[in-house]
Amino acid sequence: MELFNVYPLVNITPVKALGAKLWDDQGQEYLDFYGGHAVISIGHSHPHYVQRLTEQLQNIGFYSNSVQIPIQTQLAHKLGQVSGYEDYALFLCNSGAEANENALKLASFHTGKTRVVAFKGAFHGRTSGAVAATDNPKIVAPFNAGHAISFLEYDLAAVETTLQGGDVCAVIIEPIQGVGGIIMPSDDFLQGLAALCQQYGVILIADEVQSGYGRSGKFFAHQHAGIRPDIISVAKGMGNGFPIGGILIAPELKASYGLLGTTFGGNHLACAAALAVLEVIEQENLLAHAAETGDYLRTQLLAHAGAEEIRGRGLMVGIKYDFPIKDVRDMLLSEHHIFVGNASDPTILRLLPPLNISQVEVDRFLQALYALTEKSVEIIQQASALD
């Protein structure tokens with residue numbers, strides 16, 4: 001049997017990782033400025049994380065949600081404390097797509113309505129409802145296309161017109177779009193959106209799958225706007241590589257037996273991983289570190305990167321050039337051994353390093369980027385002169 005070939009693969013085989021570094025099977029060291037799509041929040045193979053998982057595995061790794069699992073309660077209490085949402089409830093699942101799927105389902109159960117408002121450029125996952133609310137027709141199968149979704153710009157008047165139709169159960173929004181290219185709705189827009197949802201009895205879902213867990217310099221990116229969504233979806237950085245996701249649910253939304261469910265969600269190992277992440281975030285003061293290091297990174301980029309625009313907050317950064325960045329991204333990897341990401345906009349370079357990245361490592365990335373972008377600009381200018 002062969003693998004179902006849906007991923008274009010880089011010809012690199014990592015076999016070891018520590019902090020913000022990877023090593024391949026040839027012994028080559030790499031700097032990780034992408035964290036496997038923002039998953040690596042506290043650094044690869046963090047000692048506390050490894051210890052937590054090892055100790056848990058030596059006791060019990062899994063049993064289903066038909067028994068008492070006290071570590072789930074420990075995780076819920078710790079997440080509430082660190083995030084500032086102690087009065088919310090936690091439902092655990094396995095991924096960001098599942099988190100958003102359950103958020104949409106819960107909103108529909110609660111309101112009895114079907115339509116979802118999402119935004120242009122959105123990415124919410126690949127399960128049935130989540131992918132329907134993703135603004136990429138290429139990954140929406142006909143089977144998924146029957147959901148009632150309205151894709152809007154960041155325009156409060158358009159949102160209100162849609163909500164006035166009376167059939168909307170939820171508005172789902174990324175406080176910072178990741179795949180879309182580090183696009184940020186303004187704080188004023190988020191505040192107005194929250195007010196409209198409250199006015200029209202619509203559930204507001206903040207998709208913090210990529211932007212959460214300290215990535216923006218606050219625990220959640222929507223906290224920069226001072227709003228409190230009804231449901232918050234989390235995943236990626238939550239487990240530092242161990243598959244886990246969840247939704248934080250406001251007290252007004254009530255649980256009942258069988259309303260939501262999962263076999264693997266909230267298993268012992270996943271909860272141990274998630275607790276380790278929260279403990280390291282607290283112990284190493286990573287929210288402040290992400291904010292400070294992100295400010296330094298963006299300041300340096302604004303001054304020296306020769307870019308059209310520097311986007312983002314904390315360590316969720318987009319660099320927009322006036323040319324496609326594929327060659328720069330590829331040369332960062334092949335010549336300088338640095339992993340970075342791209343976005344749906346081909347002119348955006350996307351940075352999602354571990355939250356504990358050092359300034360020395362940031363400077364190493366910056367020097368490599370400056371050298372490559374100078375080279376790219378020269379090539380483009382030479383090509384233009386020949387036209």
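- Aromatic ring orientation, Tyr30 versus His337: perpendicular (interplanar angle above 60°, classes split at 30° and 60°).
- Tyr34 and Ile348 are members of different hydrophobic clusters when ILVMFWY side chains are connected at heavy-atom separations under 4.5 Å.
- At least one side-chain heavy atom of Leu301 sits less than 4.5 Å from a side-chain heavy atom of Leu369.
- Counting heavy atoms of neighbouring residues, nucleotides and ligands inside a 6.0 Å radius, atom CD of Gln68 does not exceed 12 of them.
- Counting heavy-atom neighbours within 6.0 Å of His336 NE2, excluding the residue itself, gives a total above 12.
- Asp187 has a carboxylate O that lies under 4.0 Å from a charged side-chain N of Arg313, or vice versa, which qualifies the two as a salt bridge.
- Residue Leu190 is grouped with residue Tyr200 when hydrophobic side chains (ILVMFWY) are merged at heavy-atom distances under 4.5 angstrom, including chains of intermediate members.
- In the displayed structure, Leu3 atom CG is contacted under 6.0 Å by at most 12 heavy atoms of other residues, nucleotides or ligands.
- Under the 3.5 Å distance criterion, the side-chain polar atoms of Arg298 are matched with a main-chain donor or acceptor of Gly314.
- Interatomic distance, CD of Glu252 versus CG of Asp87, reported as 8.0 Å (0.5 Å rounding).
- Side chains of Gln210 and Leu352 form a contact here, defined as non-hydrogen atoms less than 4.5 Å apart.
- Judged purely by atom type and a 3.5 angstrom limit, Gln223 uses its side chain to pair as donor or acceptor with the backbone of Ser83.
- Side-chain contact, Asp32 with His44: a donor N or O sits under 3.5 Å from an acceptor N or O.
- Ser128 pairs in a side-chain hydrogen bond (donor to acceptor under 3.5 Å, both in side chains) with only one of the listed residues (Glu101, His147, Lys105), which is His147.
- Between Gln177 and Phe123 the shortest side-chain heavy-atom distance does not fall below 4.5 Å.
- Around the CZ atom of Arg364, the shell of radius 6.0 Å holds more than 12 heavy atoms that belong to other residues, nucleotides or ligands.
- Listed for the Asn100 side chain is a donor-acceptor partner under 3.5 Å among the backbone atoms of His124.
- Judged by distance alone, the side chains of Asp363 and Tyr296 do bring a donor and an acceptor atom under 3.5 Å apart.
- Under the 4.5 Å side-chain criterion, counting only non-hydrogen atoms from C-beta, Leu193 is in contact with Phe119.
- Closest non-hydrogen pair, Ala122 versus Ala133, comes out as CB-O, 3.8 Å.
- Annotation: Phe264, atom CZ; neighbour count of heavy atoms from other residues, nucleotides and ligands within 6.0 Å does not exceed 12.
- Tyr63 OH: 12 or fewer foreign heavy atoms inside a 6.0 Å radius.
- Classification of the Phe219-Tyr213 ring pair by plane angle, with boundaries at 30° and 60°, yields tilted.
- Heavy atoms from other residues, nucleotides or ligands lying under 6.0 Å from CD of Gln198 number 12 at most.
- Counting only heavy atoms from C-beta outward, the side chains of Ile310 and Ile319 approach each other to under 4.5 Å.
- No side-chain N or O of His48 forms a donor-acceptor pair with one of Glu284 less than 3.5 Å apart.
- Here the straight-line distance linking atom CG of Leu297 with atom OG1 of Thr293 works out to 8.5 Å at 0.5 Å rounding.
- Contact of the Leu53 side chain with the Leu269 side chain is registered, since non-hydrogen atoms from C-beta on lie closer than 4.5 Å.
- Below 30°, between 30° and 60°, or above 60°: for His222 and Phe220 the angle between ring planes is below 30°, a parallel geometry.
- Residues His224 and Met184 form no side-chain contact, since every pair of their non-hydrogen atoms from C-beta on lies 4.5 Å or further apart.
- Counted by atom type alone, Glu208 and Ser211 present one or more donor-acceptor pairs between their side chains at under 3.5 Å.
- Closest of all the heavy-atom pairs between Ala118 and Ile149 is CB-CG2, 4.3 Å.
- A salt bridge links Glu361 and Lys21; the closest N-O separation between the charged side-chain nitrogens and carboxylate oxygens is under 4.0 Å.
- Annotation: side chain of Met238 is not in contact with side chain of Val277 (no heavy-atom distance under 4.5 Å).
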